[in-house]
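The structure displayed is predicted, hence computed values, not measured ones.
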Amino acid sequence: MNPTRSIRDAAGLTQQELAARAETSQATIAAYEGGHKSPTWRTVERLAQAAS
């Protein structure tokens with residue numbers, strides 16, 4: 001499982017909810033989870049912070 005999906009699942013959030021909290025789009029979250037885009041480590045940290 002990729003880090004974005006793990007973060008989102010652990011927080012019990014939908015892609016849309018995580019995107020809103022992280023101030024990004026649902027399409028970006030989907031691209032990270034689908035392997036079409038690779039987030040930087042800083043982005044992974046930001047997503048984790050948004051999920052908490």
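Taking the side chain as every heavy atom from C-beta outward, T24 and L18 never approach each other to under 4.5 Å. Contact of the R8 side chain with the E33 side chain is registered, since non-hydrogen atoms from C-beta on lie closer than 4.5 Å.
Annotation for N2 and G34: closest pair ND2-N, 4.4 Å, computed over non-hydrogen atoms. Nearest heavy-atom pair, P39 versus T4, reported as atom, atom and distance to 0.1 Å: CG-OG1, 4.0 Å. Across all non-hydrogen atoms, the minimal contact from A11 to A51 is CB-O, 3.6 Å. Contact record, Y32 with S38: CE2-C, 4.1 Å, taken as the closest heavy-atom pair.
Under the salt bridge (charged side-chain N to carboxylate O under 4.0 Å, His left out) criterion, R5 pairs with D9, not counting sequence neighbours. Listed by chain and number, the residues in a side chain to side chain contact (heavy atoms under 4.5 Å, CB included) with A10 amount to none (sequence neighbours excluded). Annotation: side chain to side chain donor-acceptor pair (under 3.5 Å) contacts of T43 (sequence neighbours excluded): T40. Applying the side chain to side chain contact (heavy atoms under 4.5 Å, CB included) criterion to E17, with sequence neighbours excluded, gives L13, T14. Remark: S52 pairs with no residue by the side chain to side chain contact (heavy atoms under 4.5 Å, CB included) rule, at least two apart or across chains. Qualifying side chain to side chain contact (heavy atoms under 4.5 Å, CB included) partners for S25, counting only residues two or more places apart in sequence or in other chains: A27, T28.
For E45, the CD atom counts as densely surrounded, since its 6.0 Å shell holds more than 12 non-hydrogen atoms of other residues, nucleotides or ligands.
Q16 contributes atom CD, which lies 6.0 Å from atom CD of Q26 (distance to the nearest 0.5 angstrom).
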